[in-house]
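To keep things clear, I will list the structure first and then write my remarks on it.
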Amino acid sequence: MPELPDVEGFRRVLADHAVGRRIRDVEVFDSGVLRGVNAAGLRQALCGRSFGEPWRHGKYLFAPVAPRKDQATLILHFGMTGSLQWTAERHRFDRVAFTFRGGRLAYRDLRKLHGLRLAHDPQEVSQVVSRLGPDAADVSREELQQALSRLRRQVKPALMDQSVVAGLGNLLVDEILWRARINPHRSTADLRPSDVADLYSRMRTVLRQSIAAARVPPRKTWLTGRRDDPSGACPRCGSPLSHGRLGGRSTTWCPTCQPR
DNA sequence: GTGAATGTTCATTC
DNA sequence: GGAATGAACATTCA
């Protein structure tokens, strides 16, 4: 599930409900999601403290621990199935829960591909961020142009590479390329500046609308709304959609709108 | 039982 | 050195 818009939604959940409130308890139901920290360490770092204003870069969510003199930051990554929920109800896939007066915040994740880290100082945080390209919701057209022009790769895997631009996942990239009428197999080396300009403006639109919905909205007018239908037709031209694998990921495109 | 799933990382092989 | 590929991680669901 989680790409940039989803994680931005989780950021809002944390910001709206938990920031500034005393963390009364940290329950670890499954330590399989803890990375580089154990349950006792996490409890000790967080209990009695609170979260400061959370921020996001790409698909990572950073929750600074207050008071700031502690210099610690909780780093969350949601893998393919994670989420952050403000809910009183315990769910079978809740792996960690933070308890506050008046509610609880659950890190819920089916597959446990990623999870929670605790950075003890700003260096550890910048270490994580330094491996990422500019945030997709924040990057300028010039930056994107430059990042892509350095590569000679198929455009889809290039855009999904978090060190090129951070935050785009499988669904978003398919959606953006479809709107920009760029075939996912095309090489970044062959993109004209006008292609990148198109790509950029489509990316902005898709991100803005997806962030508002806290997900890639499964609308029938979007490619995303049709990709799971094996006999799906392009919402724009009606051609049967093509399906394949690219960079190891399932890929959907329109052979008419997105010629090679 | 099999394969696939909106992610990342590592090893291997061009 | 880059780029492409496949496996691995853990788990459920169709």
Side-chain angles (χ1 to χ4, degrees), chain A residues 1-11 28-36 56-61 75-84 91-96 107-117 127-133 135-137 147-179 184-191 203 206-207 209-211 213-219 222-232 241 243-253:
Chain A
M1 198 217 295
E3 304 182 62
L4 187 157
D6 308 81
V7 180
E8 181 59 25
F10 304 148
R11 190 194 66 75
V28 177
F29 306 116
D30 189 332
S31 57
V33 298
L34 301 186
R35 306 291 137 124
R56 182 192 59 71
H57 192 107
K59 301 172 190 171
Y60 283 88
L61 180 59
I75 305 178
L76 304 95
H77 194 290
F78 300 90
M80 290 175 92
T81 51
S83 69
L84 206 54
H91 184 280
R92 61 190 285 228
F93 299 140
D94 286 354
R95 309 302 185 185
V96 178
Y107 178 86
R108 190 171 290 180
D109 188 20
L110 185 157
R111 283 171 71 185
K112 300 188 284 184
L113 288 175
H114 296 274
L116 276 49
R117 286 185 48 180
Q127 226 168 48
V128 173
V129 177
S130 69
R131 304 186 58 168
L132 303 171
D135 187 84
L148 293 178
S149 66
R150 277 190 263 107
L151 307 171
R152 310 184 132 271
R153 298 175 65 178
Q154 292 174 308
V155 63
K156 171 165 180 177
L159 289 172
M160 284 190 65
D161 187 332
Q162 301 298 299
S163 69
V164 174
V165 54
L168 305 181
N170 199 26
L171 293 193
L172 278 173
V173 169
D174 278 5
E175 186 71 40
I176 292 164
L177 290 174
W178 173 72
R179 297 218 184 180
H185 299 84
R186 280 178 62 188
S187 169
T188 53
D190 300 337
L191 294 180
M203 179 178 81
V206 169
L207 281 177
Q209 298 186 25
S210 299
I211 286 171
R215 60 186 298 193
V216 186
R219 298 180 193 153
W222 288 40
L223 180 70
T224 311
R226 305 286 180 96
R227 63 178 295 139
D228 290 337
D229 178 3
S231 58
L241 292 170
H243 303 272
R245 287 191 86 72
L246 222 174
R249 309 302 302 274
S250 66
T251 302
T252 302
W253 71 98

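All chains are named by letter (A, B, ...) in the order of the sequence lines, taking the proteins before the strands, and each is independently numbered beginning at 1.
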Q) What pairs with R219(A) under side-chain contact (heavy atoms from CB on, under 4.5 Å), at least two apart in sequence or on another chain? A) Q209(A), P217(A), T221(A), W222(A)

Q) Who are the side chain to side chain donor-acceptor pair (under 3.5 Å) partners of S83(A), not counting sequence neighbours? A) Q85(A)

Q: Take atom CZ of R35(A) as the centre, draw a 6.0 Å sphere, and report whether it contains more than 12 heavy atoms from other residues, nucleotides or ligands.
A: yes

Q.
What is the distance, to the nearest angstrom, from the CG atom on D6(A) to the C1' atom on dG7(B)?
A. 12 Å

Q. To the nearest Å, how far apart are R117(A) CZ and dG7(B) P?
A. 19 Å

(Q) Please enumerate all residues that pass side-chain contact (heavy atoms from CB on, under 4.5 Å) together with H185(A), with sequence neighbours excluded. (A) Q154(A), N183(A), L246(A), W253(A), R260(A)

Q) Can you tell me how far OH of Y60(A) sits from CG of L132(A), rounded to the nearest 0.5 angstrom? A) 6.0 Å

Q.
Would you measure the distance from the P atom in dG1(C) across to the matching atom in dT8(B) and give it in whole Å?
A. 25 Å

(Q) Between dA3(C) and dT6(B), how many Å separate the two C1' atoms, rounded to a whole number? (A) 24 Å

Q. Base, backbone or nothing for each nucleotide of nucleotides 8-14 of chain B, written B, S, -, heavy atoms under 4.0 angstrom, 5' to 3'?
A. B------

(Q) R227(A): which residues meet the salt bridge (Lys or Arg N to Asp or Glu O under 4.0 Å) condition with it, sequence neighbours left out? (A) D174(A)

Q. With sequence neighbours excluded, what pairs up with R179(A) under the salt bridge (Lys or Arg N to Asp or Glu O under 4.0 Å) test?
A. E175(A)

Q: Nearest whole angstrom, please: distance from the C1' of dT6(B) to the CZ of F10(A).
A: 11 Å

Q. Reckon T224(A) touches a base, only the sugar-phosphate, or nothing at all at heavy-atom distances under 4.0 Å?
A. nothing

Q.
Tell me which one of V155(A), L168(A), L171(A) satisfies side-chain contact (heavy atoms from CB on, under 4.5 Å) with I176(A).
A. L168(A)

Q: Could you run through nucleotides 7-14 of chain C and give me one letter per nucleotide, 5' to 3': B if any protein heavy atom sits under 4.0 Å from the base, S if only the sugar-phosphate is that close, - if neither?
A: --BBBS--

**Q.** All stems with DNA chain B, defined as three or more consecutive Watson-Crick or G-U pairs under 3.5 Å
**A.** B:2-5 with C:11-14, B:7-14 with C:2-9

(Q) Which residues pass the side chain to side chain donor-acceptor pair (under 3.5 Å) test with E3(A), not counting sequence neighbours? (A) none

Q. In Å, rounded to the nearest 0.5 Å, how long is the span from NE2 of H57(A) to OG of S130(A)?
A. 10.0 Å

Q: Grab the NE2-P distance between H243(A) and dT6(B) for me, whole Å please.
A: 13 Å

Q: Applying side-chain contact (heavy atoms from CB on, under 4.5 Å), name anything that partners R11(A), two or more places apart in sequence or on another chain.
A: E8(A), A15(A), E53(A), P54(A), R56(A), L61(A)

Q | Parallel, tilted or perpendicular: ring planes of H114(A) versus H77(A), cut at 30 and 60 degrees | A | tilted

Pairs: protein N or O with nucleotides 1-3 of chain C N or O, under 3.5 Å:
{"from": "dA3(C)", "atom 1": "OP1", "to": "R152(A)", "atom 2": "N", "distance (Å)": "3.0"}

**Q.** Atom-pair distance (CG on D109(A); P on dG7(B)), nearest Å
**A.** 13 Å

(Q) Which residues pass the side chain to side chain donor-acceptor pair (under 3.5 Å) test with S163(A), not counting sequence neighbours? (A) D161(A)

Q.
Any base atoms under 4.0 Å from G79(A), or only sugar-phosphate, or nothing? Heavy atoms, all strands.
A. sugar-phosphate

Q: Report the residue from D109(A), L84(A), D30(A), L116(A) that forms a side-chain contact (heavy atoms from CB on, under 4.5 Å) with V96(A).
A: L116(A)

Q: Would you kindly give the CG-to-P distance between L171(A) and dA4(B), to the nearest whole Å?
A: 17 Å

Q. Given atom CZ of R245(A) and atom P of dG3(B), what is their separation to the nearest angstrom?
A. 12 Å

Q. Atom CG of L246(A) to atom C1' of dG6(C): distance rounded to whole Å?
A. 15 Å

